[in-house]
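Down below is the structure, laid out as structure tokens.
Ligands are counted one by one from 1 in listed order, and the atoms in each one are counted from 1 as well. Computed over heavy atoms, backbone and side chain alike; hydrogens, waters and symmetry mates excluded.
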Amino acid sequence: MRTSDQTAADRRVGVLFVCLGNICRSPLAEGAFRAHVEAAGLGDRFEIDSAGTGRWHVGEAPDPRSVEEARRHGIDISGQRARQFTTADYRRFDHIVVMDESNRCDVLVGVDDPADVARVSRLLDALDDGPEEVPDPYYGGPGGFRRVWTLVNDATGALLARIRRARGF
Ligand code: 4NP
């Protein structure tokens, strides 16, 4: 979280995962990242959330197929509720982590401060190889959600390692 009256040692690192609907991919990314953070005993160092660029599903729980996929890995994401991304999120989060190029274009609409542009990254950029985008599983079957889980679980682990290296904790 970005606030001006805290020291560097106790300032939380804000990480926001963004997809289109905030019901399929970004809830899984939020759940996977949170699990990595908690397994590392770093829960008090991070502010973690997710959002969608669209507003169709605002207020809804994650898609049941994402809830089920997370549950298979021992993670409960059923309490999450979808919300829409806003440019105010640039003030709240250090890292705005998108699932695909279309999300990146959408979160950058009207953003011209280079410091804000630099906050945006694609999740799979945290991996050294493999695909560049987390595929949208909404119109597919359960296999798509398994694939999304594998990608976001690996990439959020790598993202946490990168953040820890950069911040020295
Ligand atoms: P998400 O998937 O962006 O991963 O949450 C989608 C969810 C809903 C829709 C599209 C993608 N939709 O068109 O309603």
Next on the checklist: I need the full list of side chain to side chain donor-acceptor pair (under 3.5 Å) pairs touching residues 140-149, with sequence neighbours left out, sorted by first then second residue.
Outcome noted: H73-W149
Next on the checklist: Please give the remaining members of the hydrophobic cluster of Y138, linking ILVMFWY side chains under 4.5 Å, ordered by chain and number.
Outcome noted: I23, Y139
Next on the checklist: Under a plain distance cut-off of 3.5 Å, with no hydrogens placed, do N153 and H36 share a side-chain donor-acceptor pair?
Outcome noted: yes
Dump all N/O pairs between ligand 1 and the protein below 3.5 Å as a table: atom names plus distance, one pair per row.
unit_1: ligand 1; atom_1: 2 (O); unit_2: D136; atom_2: OD1; d: 3.3
unit_1: ligand 1; atom_1: 3 (O); unit_2: L20; atom_2: N; d: 2.9
unit_1: ligand 1; atom_1: 3 (O); unit_2: G21; atom_2: N; d: 2.8
unit_1: ligand 1; atom_1: 3 (O); unit_2: R25; atom_2: NH2; d: 2.9
unit_1: ligand 1; atom_1: 4 (O); unit_2: R25; atom_2: N; d: 2.9
unit_1: ligand 1; atom_1: 4 (O); unit_2: R25; atom_2: NE; d: 2.8
unit_1: ligand 1; atom_1: 5 (O); unit_2: G21; atom_2: N; d: 3.4
unit_1: ligand 1; atom_1: 5 (O); unit_2: N22; atom_2: N; d: 3.2
unit_1: ligand 1; atom_1: 5 (O); unit_2: I23; atom_2: N; d: 3.1
unit_1: ligand 1; atom_1: 5 (O); unit_2: C24; atom_2: N; d: 2.9
unit_1: ligand 1; atom_1: 14 (O); unit_2: H57; atom_2: NE2; d: 2.7

Next on the checklist: Listing request: all side chain to side chain donor-acceptor pair (under 3.5 Å) pairs with a residue in residues 23-34, at least two apart in sequence or in separate chains.
Outcome noted: N22-S26, R25-D100, E30-R34, E30-S50
Item to check | Under 3.5 Å donor-acceptor, Q80 side chain and P27 backbone | outcome: yes
Next on the checklist: Quick check with a 6.0 Å cut-off and a 45 degree axis cone: is R119 positioned over the face of Y90's six-membered ring?
Outcome noted: no
